[in-house]
Amino acid sequence: KNFTEQQIKSSTIFTVIGCNFINCLAGDNKRGGAIYFVYNNDIGNCHVTVYSSTFDKCRAINGDGGAIFVCKKIGMTDFDPNHTLINSFNSSYCCYSNCTAYGVNSNEGYGPVMFIFASQIEIYYSTAVECPAKNEQSYGAQIDLKSYEIFSSYINSTKGKSEYCCAIEYRQANK
């Protein structure tokens with residue numbers, strides 16, 4: 001399926017397979033240019049899978065997660081590294097290009113590709129090229145992850161530009 005606007009989802013199991021997200025935009029003060037997933041429930045387990053999908057020119061304006069933003073509950077402030085973690089996030093065989101996350105100062109967004117908060121994260125065989133888009137800069141890494149356990153391999157991160165960490169940032173990972 002092809003998408004040209006932000007997809008907002010909330011359920012216990014959310015799976016995206018073989019989709020194209022092109023020119024998706026999360027408007028002013030929004031997160032997740034293509035996929036914005038917030039479980040917002042204290043009961044039950046929550047699992048997100050994004051597999052074999054393409055994200056091109058996805059943007060979050062005054063928000064985080066240019067292509068994908070995932071957490072269980074939003075923190076108390078605009079950028080709160082204490083957003084609540086979902087149970088698991090898995091992403092494999094995905095391509096991201098020209099995705100951007102702008103922050104409140106128009107150049108300080110976190111995770112132009114993804115900003116994920118999950119107890120366990122797995123990311124394999126994925127490519128991020130020119131995220132943020134050409135002549136733009138983000139504040140944080142292309143792939144910004146907060147988790148206790150992160151498993152990743154075969155990731156290509158090319159032509160990123162950031163104020164701090166540029167490719168992948170692993171926050172709070174024990175393993």
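Basis for what follows: all heavy atoms, side chains included, without hydrogens, waters or symmetry-related copies. Note that the numbering runs from 1 along the sequence shown for the chain.
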How long is the span from the [atom1] atom in [X] to the [atom2] atom in [Y], to the nearest 0.5 Å?
| X | Y | atom1 | atom2 | value |
| --- | --- | --- | --- | --- |
| Leu85 | Ile116 | CG | CD1 | 11.5 Å |
| Cys24 | Arg59 | SG | CZ | 11.5 Å |
| Ser53 | Asn20 | OG | CG | 7.0 Å |
| Phe55 | Tyr96 | CZ | OH | 4.5 Å |
| Ile13 | Asn45 | CD1 | CG | 9.0 Å |

Closest contact, heavy atoms only, [X] versus [Y]:
| X | Y | value |
| --- | --- | --- |
| Ile123 | Met114 | CD1-SD, 3.7 Å |
| Thr84 | Cys71 | O-CB, 3.5 Å |
| Ala60 | Gly32 | CB-N, 4.1 Å |
| Ala128 | Val113 | CB-CG2, 3.7 Å |
| Ile150 | Ala173 | CD1-CB, 3.9 Å |
| Gly66 | Ala101 | N-CB, 3.7 Å |

State which residues pass ring pair (Phe, Tyr, Trp, His ring centres under 6.0 Å) with Phe89; sequence neighbours excluded, sorted by chain then number. none
Contacts of Phe151 that satisfy ring pair (Phe, Tyr, Trp, His ring centres under 6.0 Å) - sequence neighbours left out: none
Using the ring centroid of each side chain, check whether Tyr39 and His47 are separated by less than 6.0 Å.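 Tyr39 vs His47: aromatic centres not under 6.0 Å.
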Centroid-centroid distance, Tyr51 to Tyr93, less than 6.0 Å: yes
Less than 3.5 Å apart, any donor N or O on the side chain of Tyr124 or Ser91 sitting next to an acceptor on the other? no
Out of curiosity, does Val129 fall in the hydrophobic cluster containing Ile143 (side-chain heavy atoms, cut-off under 4.5 Å, transitive links)?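 As far as the 4.5 Å side-chain criterion goes, Val129 and Ile143 are not connected within one cluster.
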Once side-chain hydrogen bond (donor to acceptor under 3.5 Å, both in side chains) is applied, do any residues pair with [X], and if so which ones, sequence neighbours excluded?
| X | answer |
| --- | --- |
| Ser97 | Asp56 |
| Ser52 | none |
| Lys73 | Asp42 |

Out of Leu145, Asp64, Ile68, Val70, which residue meets the side chain to side chain contact (heavy atoms under 4.5 Å, CB included) rule with Phe115?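 Looking at Leu145, Asp64, Ile68, Val70, the match for Phe115 under the side chain to side chain contact (heavy atoms under 4.5 Å, CB included) is Asp64.
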Output all residues satisfying side-chain contact (heavy atoms from CB on, under 4.5 Å) with [X], sequence neighbours left out; order by chain, then residue number.
| X | value |
| --- | --- |
| Glu169 | Ala141, Asp144, Cys165, Arg171 |
| Tyr154 | Tyr125 |
| Ser157 | Gln142, Ala167 |
| Asn90 | Thr49, Ser92, Glu122 |

For Val48 and Ile86: C-alpha separation, side-chain torsions, deciding distance, then whether side chain to side chain contact (heavy atoms under 4.5 Å, CB included) applies. CA-CA 8 Å; Val48 174; Ile86 65 168; 3.8 Å; yes
Run Val50 and Cys94 through side chain to side chain contact (heavy atoms under 4.5 Å, CB included) and show every step you take. CA-CA 8 Å; Val50 180; Cys94 290; 3.8 Å; yes
Quick one: do Thr12 and Cys46 satisfy side chain to side chain contact (heavy atoms under 4.5 Å, CB included)? Show the steps, please. CA-CA 4 Å; Thr12 57; Cys46 181; 5.5 Å; no
Once the angle between the rings of His83 and Phe117 is folded into 0 to 90°, is it parallel (under 30°), tilted (30 to 60°) or perpendicular (over 60°)?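 Geometry flag for Phe117 against His83: perpendicular rings.
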Main chain of Lys57, side chain of Asn98: is a donor-acceptor contact present, judged purely on distance under 3.5 Å? no
Would Ser152 and Tyr170 satisfy side-chain hydrogen bond (donor to acceptor under 3.5 Å, both in side chains), going step by step from the backbone distance to the final call? CA-CA 11 Å; Ser152 62; Tyr170 299 98; 2.8 Å; yes
Kindly indicate whether the side chain of Thr127, heavy atoms from C-beta on, has any atom under 4.5 Å from the side chain of Thr158.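 No, side chains not in contact.
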